[in-house]
Amino acid sequence: MYRLYWSPGAASLAVHWMLLELGVPFEPERADIDSGLNRSADYLRLNPTGQVPTLVVDGAPVTETAALLMLLAERHPEGGLAPAAGSGERAEWLAWMVYLANSLMPAFRFWFYSGDAPGLSPASLQPVVERCWDRIDDRLAGRDFIVGEGLSTVDLLATMLMRWSRNMPRPATEWPNIARYLRRMRSLPALRLVHAREGLTDWIND
Ligand SMILES: N[C@@H](CCC(=O)N[C@@H](CS)C(=O)NCC(=O)O)C(=O)O
């Protein structure tokens, strides 16, 4: 059994979505950022950074969104959310997971939490994010998924990050291949379900 500590629309959404996509049992536990639950003494004991997500796996807390998606893919290979180890697509999958975790994740962190990166202005972060959309948009030309022929953890992470851009000066939907890709992603039942469970009504029906 897993226990997921989550906050609406936060980085935990990708892990929440994956658990629903896999159909595995889990206990959702709110660690809402807006109400400060992520800073409670109990939560800080589990995750001293106070960030979400934290997933308790076999009694031990595990953190970092990309790592959690990869861990869940490894523990549930039957879900098909990662190419098989040793396959040609596996290297691409690894590279895309690490790319998203190294590029967009920190850029968004600094965008939303400017105190983490004093001196980095929104104006300096915007081109960093937009260069990532350029690269992802190129990748999506003629493709339905970022890696391979089916949904993978890369799509879960990328889609969540695309949602985060919705109020930026140029949201990801301004890139044509990403816009087409998101129309498809937004129709996926588990993505719609996670939005409903997290009480999110914006973006999913755009
Ligand atoms: N590197 C972490 C970043 C997670 C993160 O930044 N989470 C944000 C929400 S999107 C958070 O918990 N913010 C509350 C805080 O930092 O106090 C990961 O990939 O999981």
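One is the number of the first residue; the rest follow in order along the sequence. Whatever order the structure lists ligands and atoms in, that order sets their numbers, starting from 1.
At the shortest separation from atom 3 (C) of ligand 1 among protein heavy atoms lies Q51 OE1, 3.2 Å. Scanning the protein heavy atoms around atom 20 (O) of ligand 1, the nearest turns out to be T65 OG1, 2.7 Å. For atom 6 (O) of ligand 1, the closest heavy atom belonging to the protein is R109 NH1, 2.8 Å. The closest protein non-hydrogen atom to atom 13 (N) of ligand 1 is Y113 OH, 2.7 Å.
Taking every heavy atom of N38 and a limit of under 4.0 angstrom, the matching atoms of ligand 1 come to 14 (C), 15 (C), 17 (O). Within ligand 1, the atoms closer than 4.0 Å to a non-hydrogen atom of M105 are 18 (C), 19 (O), numbered from 1 in the order shown. If you number the atoms of ligand 1 from 1 as listed, the ones under 4.0 Å from a heavy atom of I33 come out as 9 (C), 11 (C), 12 (O), 13 (N), 14 (C). Contact atoms of ligand 1 toward P53: 20 (O) (distance under 4.0 Å to a heavy atom of the residue).
Neither the backbone nor the side chain of T63 comes within contact range of ligand 1; no heavy atom lies under 4.0 Å. Neither the backbone nor the side chain of F112 comes within contact range of ligand 1; no heavy atom lies under 4.0 Å.
Using modelled atom types and a 3.5 Å distance limit, the side chains of W93 and E89 yield no donor-acceptor pair.
Under the 4.5 Å side-chain criterion, counting only non-hydrogen atoms from C-beta, R30 is in contact with W6. Within the 4.5 Å cutoff, no side-chain heavy atoms of V52 are placed close to those of V15.
Cation-pi geometry between R109 and W164 is not met: the NZ or CZ atom fails to fall both under 6.0 Å from the ring centre and inside 45° of the normal.
Note on ring orientation: taking the six-membered ring where Trp is involved, the planes of Y5 and Y43 are tilted (angle from 30° to 60°).
With distances taken over non-hydrogen atoms, the option nearest atom 4 (C) of ligand 1 out of T49, V52, D32 is V52.
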